[in-house]
Amino acid sequence: MITKIRDNIQGLSHPVYVTSPLLPSLRELAGYLKAIWKSKWVTNHGTFHGELETKLRILLDAGGISLFNNGAIALLAALRALDLPVGSEVITTPFTFPATPHCITWNRLKPVFCDIHPVSMTLDPESIEKAITPNTSAILGVHVYGIPCDVVKIQQIADRHNLKILYDAAHAFTTEVSGKPISHFGHISMFSFHATKLYNTIEGGCLAYSDPCYKNKIYYLRNFGIKNEDEVVDVGLNGKMNEIQAAIGLLNLNLFQKEKEKRLRIRSIYDAELDQIEGITIVKMPQGVTDSLQYYVIRINERLFGCSRNELYDRLKQFNVYSRKYFYPLCSEYEPYKDLPSSRPEYLPNANQIKNEVLCLPFYGDLGEKTARQIVKIIKAIRN
Ligand code: T4K
């Protein structure tokens with residue numbers, strides 16, 4: 001397994017990435033494929049699609065669930081479903097994947113970046129308050145790494161200013177806050193089922209909402225606005241999940257709990273070893289929050305650790321460990337957004353600091369406990 005020796009540190013024999021998709025067995029998948037082939041109903045709200053929507057609605061305890069072909073299109077449709085005035089401002093975080101602000105912009109809305117909390121790394125309620133103008137229509141929070149936004153304070157702010165709340169819960173599948181499912185907060189939540197997510201349909205995602213009024217609206221937005229063969233009632237796009245994706249989703253519903261257990265074991269190895277290293281802070285869930293186990297994130301204090309996050313990231317690669325710097329750079333630094341007034345670094349001090357500290361380590365069930373221990377050894381050796 002171990003092939004390279006550099007500076008007396010043993011590297012991994014093959015590249016190890018930040019994640020690896022959870023896949024059902026080919027034998028089980030073949031059974032589903034046979035059924036799809038037999039029926040010749042391959043997409044457009046098929047049987048497996050319906051079955052998956054029902055099962056997810058129960059699992060996530062949501063009033064309604066609408067499946068999508070990916071998380072970004074789901075988010076795009078969710079913003080549209082909120083009926084926000086064109087050109088109005090949507091307050092969001094710069095510490096996220098580009099899909100978040102892009103969906104705002106595609107809806108002809110204006111993203112306004114707000115700073116994040118120094119510990120939770122989610123939207124800071126105080127910064128939200130300061131960013132509100134008469135043109136603000138909504139708050140789009142991201143439960144980054146599955147850490148919930150300050151949902152209670154955000155609700156209070158939204159109530160005071162009559163704003164809609166949308167949550168990008170791409171990383172927060174099955175997260176609960178004090179026993180309450182994460183999708184119970186805000187008007188609509190988006191979950192991503194991309195291959196890199198703990199629960200996946202290869203590509204896919206869904207919207208979850210409590211108010212049944214969104215069900216029809218989202219249905220039309222997902223399928224060209226088609227109501228029936230004679231009527232098109234909205235400017236919909238094609239966001240439909242196909243039957244093969246839904247079949248993988250059904251099979252992975254049987255696997256994701258086991259995957260969580262395996263990840264818990266990997267997490268405990270990392271926790272036990274990394275907690276003692278000066279300069280490393282392990283990102284942990286706040287009290288009362290169930291961990292979605294989507295990412296294993298550490299923060300590097302360059303002064304105490306002895307090298308920067310970037311140096312650690314580069315050195316790890318030399319040992320076949322491919323960590324990721326999610327979310328560096330900030331979205332506010334990307335070409336389409338860098339000139340926005342809200343992108344100025346002086347308004348986003350926490351985000352600008354945190355972007356240089358975070359590192360997502362390889363984290364998935366099949367990583368193996370031995371490899372996790374070896375990764376820790378490599379990190380310790382790099383530090384010394
Ligand atoms: N909002 C947030 C907060 C998000 O994080 C995301 C997506 C979205 C919205 C949009 O949801 P989707 O439309 O994607 O459903 C990856 C994922 O593609 C993306 O879904 C995810 N967030 C983001 C954080 O990570 P990249 O560009 O980093 O992917 P990539 O291709 O570099 O893959 C990362 C690693 O995963 C690879 O180094 C190896 C492993 N991998 C990847 C793929 C695709 C595999 O082992 N097998 C694979 O098939 O974006």
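One-based numbering, in listed order, for ligands and for the atoms of each. Residue numbers start at 1 and run along the sequence shown.
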Quiz question: by atom type and distance under 3.5 Å, do the side chains of Thr133 and Glu89 form a donor-acceptor pair?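 Glu89 and Thr133 do have a side-chain donor-acceptor pair below 3.5 Å.
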In terms of ring plane angle, is the pair Tyr337 and Phe113 parallel, tilted or perpendicular, where the classes change at 30° and 60°?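 Plane angle over 60°, so perpendicular.
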What is the ring orientation for Phe193 with Phe173, classed by angle as parallel under 30°, tilted 30 to 60°, or perpendicular over 60°?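 Geometry flag for Phe173 against Phe193: perpendicular rings.
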Which bit of Thr96 gets closer than 4.0 Å to ligand 1, counting heavy atoms only: side chain, backbone, both or neither?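 Side chain only; the backbone of Thr96 stays clear of ligand 1.
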Record the part of Ala170 in heavy-atom contact with ligand 1 below 4.0 Å; permitted values are side chain, backbone, both and neither.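 Under 4.0 Å from ligand 1, Ala170 contributes side-chain atoms alone.
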Output field: ring centroids Tyr167/His187 closer than 6.0 Å: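 So the answer is no for these two rings.
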So, Tyr334 versus His102, ring centres under 6.0 angstrom or not?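 Between His102 and Tyr334, which both carry aromatic rings, the centre distance is not below 6.0 Å.
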Give a yes/no on ligand 1: does Arg324 have at least one heavy atom closer than 4.0 angstrom to it?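 It does; at least one heavy atom falls under 4.0 Å.
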Does Gly204 come within less than 4.0 Å of ligand 1, judged by its heavy atoms?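 Per 4.0 Å heavy-atom rule, Gly204 contacts ligand 1.
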Atoms of ligand 1, numbered as shown, that sit under 4.0 Å from any heavy atom of [X]:
{"X": "Ala72", "result": "11 (O), 12 (P), 13 (O)"}
{"X": "Tyr17", "result": "38 (O), 39 (C)"}
{"X": "Ala99", "result": "8 (C), 9 (C), 10 (C)"}
{"X": "Gly71", "result": "11 (O), 12 (P), 13 (O), 15 (O)"}
{"X": "Ser192", "result": "11 (O), 12 (P), 15 (O)"}

Considering only protein heavy atoms, which is closest to [atom], and at what distance to one decimal place?
{"atom": "atom 9 (C) of ligand 1", "result": "Asp168 OD2, 3.5 Å"}
{"atom": "atom 5 (O) of ligand 1", "result": "His171 NE2, 2.8 Å"}
{"atom": "atom 24 (C) of ligand 1", "result": "Tyr295 OH, 3.4 Å"}
{"atom": "atom 49 (O) of ligand 1", "result": "Ala195 CB, 4.4 Å"}
{"atom": "atom 35 (C) of ligand 1", "result": "Val18 CG1, 3.8 Å"}
{"atom": "atom 40 (C) of ligand 1", "result": "Thr19 O, 3.5 Å"}

If the threshold is 4.0 Å, N to carboxylate O, is there a salt bridge linking [X] and [Y]?
{"X": "Glu53", "Y": "Arg57", "answer": "no"}
{"X": "Lys284", "Y": "Asp275", "answer": "yes"}
{"X": "Arg373", "Y": "Glu273", "answer": "no"}
{"X": "Arg315", "Y": "Glu311", "answer": "no"}

Anything under 3.5 Å between a donor and an acceptor, one on a side chain of residues 247-254, the other on a protein residue two or more places apart or in another chain? List them.
from   : atom 1 : to     : atom 2 : distance (Å)
Asn252 : ND2    : Leu22  : O      : 3.2
Asn252 : ND2    : Asn200 : O      : 2.9

Return yes if some donor-acceptor pair links the side-chain N/O of Arg309 with the main-chain N/O of Lys355 below 3.5 Å, else return no.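 Checked: pair present.
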Heavy-atom nearest option to [atom], drawn from [options]:
{"atom": "atom 26 (P) of ligand 1", "options": "Tyr322, Tyr364, Tyr326", "result": "Tyr326"}
{"atom": "atom 48 (C) of ligand 1", "options": "Cys206, Pro21, Pro15, Cys103", "result": "Pro21"}
{"atom": "atom 22 (N) of ligand 1", "options": "His194, Lys325, Lys197", "result": "Lys197"}
{"atom": "atom 43 (C) of ligand 1", "options": "Thr93, Thr196, Ile202, Leu23", "result": "Thr196"}
{"atom": "atom 50 (O) of ligand 1", "options": "Phe327, Phe193, Phe97", "result": "Phe97"}

Strictly less than 4.0 Å: does any protein heavy-atom distance to atom 31 (O) of ligand 1 fall in that range?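 When distances to the protein are checked, atom 31 (O) of ligand 1 has no heavy atom within 4.0 Å.
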Less than 4.5 Å apart, any side-chain heavy atom of Val42 and any of Ile244?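 Result no, sub-4.5 Å side-chain heavy-atom pair not found.
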Report the residues that fulfil side-chain contact (heavy atoms from CB on, under 4.5 Å) with Ala74, sequence neighbours left out, ordered by chain and then residue number.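 Testing Ala74 for side-chain contact (heavy atoms from CB on, under 4.5 Å), a comparison that skips the adjacent residues, returns Phe68, Met190, Leu207.
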